[in-house]
Amino acid sequence: MSNSRRWFLRALTAAGGGIAVACRGTGRDAPAAARSLLGAPVDDYGERSPFERIARRVAQTTTPENSSSRTPLQDLHGMITPSSLHFERHHSGVPNLDPAAHTLMIHGLVERPLVFTVEELKRLPSVSRIYFLECSGNSATGWRPVPQPSVQAGHGLTSCSNWTGVPLSVLFKEVGVKPEGRWFVAEGADACKMARSIPIEKALDDALVAYGQNGEALRPEQGYPIRLLLPGWEGNSSVKWLRRLELVDSPSMTRDETSKYTDLMPDGRARQFTFLMEAKSLITRPSAGQKLSGPGFHEITGVAWSGSGAITRVEVSTDGGATWADATLQSPVLPKAHTRFTMPWRWEGSEVVLAVRCTDETGFVQPSRAELVTARGVNSNYHFNAIQGWKVQADGAVIDAAI
Ligand SMILES: Nc1nc2c(c(=O)[nH]1)N[C@H]1C(S)=C(S)[C@@H](COP(=O)(O)O)O[C@H]1N2
Ligand SMILES: [Mo]
């Protein structure tokens, strides 16, 4: 029996009546007469219950030229983000593209430049894989700490979907990349013409041209009809509304890899092409903005992920980082995907600080804020992945612990 399982049983016994109280019916069942009325007929596209209200949270800075919304991580179950709640980040809004008219051109340092229609892409060998997508600006308030009202507000620029598409390696085989073609520039069909230079190795590894998201077509917000999907790499490099891939011998130094998406270091120099999203974990329940209904048993749960591969360990602290215990990883535990973790916990009713850290299959351990700042300074806007914590106050209200 694992430690956490034993702990769970102890917590249950100790909590006693607490559990029964939590599970008792609400007494709000419909009267018997209403329950026997005929229900609604079938519908051509599913909708959630009208009682469900969880939503993406739109950033305050949103304008038509620069918009983002955040996934309500505190309200999700399991490891898949419903497509309707996938975070959004648009540099010039969501274009309305007709899949019958949209094409993908692959040219530059290739033997056979080709233009693919969306229909032609769908004829090619496909794969479906579950990957997270995280904006490198996620959690950025950690660099110059401002307490966050919720996990969604502070960390909701990450989501996880089942993506379907053509491996980029298949497309690059079709066009025949010349030996000098060491990089490719991916360009979007939106007004900002988002463009990023990507090393060829990523194409030969796990990059996809995706047209499917959670079993149906990509949502317009996610790049309909096709997007580049670079598993484990900063969201910005997964160019949406993809229209062009140009094979080149060196990076193009586009706007989005020079003036933006670089990391200013303490010595005044900037890191460039920092594609990898390193390991991060978040407790999503309990988290800031929530209130515990009373002392006794509560499950601590959240998500952990790493751009380097699978999560191998998640540790939770209920004493502000003084001691740590292993959480249970809920299957499936997949490389470059959100991994759900759980930990049984008994809240005694006094103030505590909860924190979480994770380790990935390379042995990388998520750093503390002090360790991260020692390595990178505080001038960055991107790639903040330090340990996060929440303070449960004596009345059960949870706030950002700002650790
Ligand atoms: N064409 C295009 N691709 C884009 C963007 C964009 O504005 N235009 N935003 C990028 C950024 S910064 C991120 S974080 C991800 C967000 O993807 P999502 O909106 O599907 O969550 O898309 C990237 N690809
Ligand atoms: Mo982003």
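Computed over heavy atoms, backbone and side chain alike; hydrogens, waters and symmetry mates excluded. One is the number of the first residue; the rest follow in order along the sequence. In each ligand, atom 1 is the first atom listed, and ligand 1 is the first ligand listed. In this text, all values refer to a predicted model and were calculated from it rather than measured experimentally.
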Side chain, backbone, both or neither: the part of [X] lying under 4.0 Å from ligand 1 by heavy atom:
X: Asp190; result: side chain
X: Leu133; result: side chain
X: Glu234; result: neither
X: Tyr382; result: neither
X: Ala189; result: neither

Hey, is CG on Asn96 packed in by over 12 heavy atoms from elsewhere, all under 6.0 Å?
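No.
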Can you find a pair of side-chain heavy atoms, one from Phe184 and one from Glu246, that are under 4.5 Å apart?
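Answer no - side chains too far apart.
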Tell me if a side-chain donor or acceptor on Thr62 pairs with a main-chain N or O of Ala59 at a distance below 3.5 Å.
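Present.
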Candidate with minimal heavy-atom separation from atom 17 (O) of ligand 1, of Arg227, Arg243, Gln222:
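It is Arg227 that holds the nearest heavy atom.
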Candidate with minimal heavy-atom separation from atom 7 (O) of ligand 1, of His91, Lys260, Lys240:
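Result: the heavy atom closest to atom 7 (O) of ligand 1 is in His91.
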Working note: Ser306 + Glu278, criterion side chain to side chain donor-acceptor pair (under 3.5 Å); need CA distance, chi angles, decisive distance, verdict.
CA-CA 5 Å; Ser306 168; Glu278 290 185 313; over 6 Å; no
For atom 21 (O) of ligand 1, what's the nearest protein heavy atom and its distance?
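Ranking protein heavy atoms by distance from atom 21 (O) of ligand 1, first comes Phe87 O, 2.7 Å.
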Between Arg70 and Glu88, does at least one N-O distance fall below 4.0 Å, as a salt bridge requires?
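No.
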Pairing of Arg313 and Glu361 as salt bridge, 4.0 angstrom limit:
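Salt bridge between Arg313 and Glu361, a charged N being under 4.0 Å from a carboxylate O: no.
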Applying the side-chain hydrogen bond (donor to acceptor under 3.5 Å, both in side chains) criterion to Arg89, which one of Asn66, Asn138, Asn236 satisfies it?
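Only one of Asn66, Asn138, Asn236 forms a side-chain hydrogen bond (donor to acceptor under 3.5 Å, both in side chains) with Arg89, namely Asn66.
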For ligand 1, find out whether one of its N or O atoms is nearer than 3.5 Å to an N or O atom of [X].
X: Val239; value: no
X: Glu134; value: no
X: Trp241; value: no

With atoms numbered from 1 as shown, which atoms in ligand 1 lie under 4.0 angstrom from a non-hydrogen atom of [X]?
X: Tyr261; answer: 12 (S)
X: Glu221; answer: 19 (O), 20 (O)
X: Ser238; answer: 22 (O), 23 (C), 24 (N)
X: His90; answer: 7 (O)

In this structure, is the centre-to-centre distance between the rings of Trp163 and Tyr131 below 6.0 Å?
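Ring centres of Trp163 and Tyr131 not closer than 6.0 Å.
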Is it true that Gln393 and Glu351 share a donor-acceptor pair across their side chains at a distance under 3.5 Å?
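Per modelled atom types, Glu351 and Gln393 side chains form no pair under 3.5 Å.
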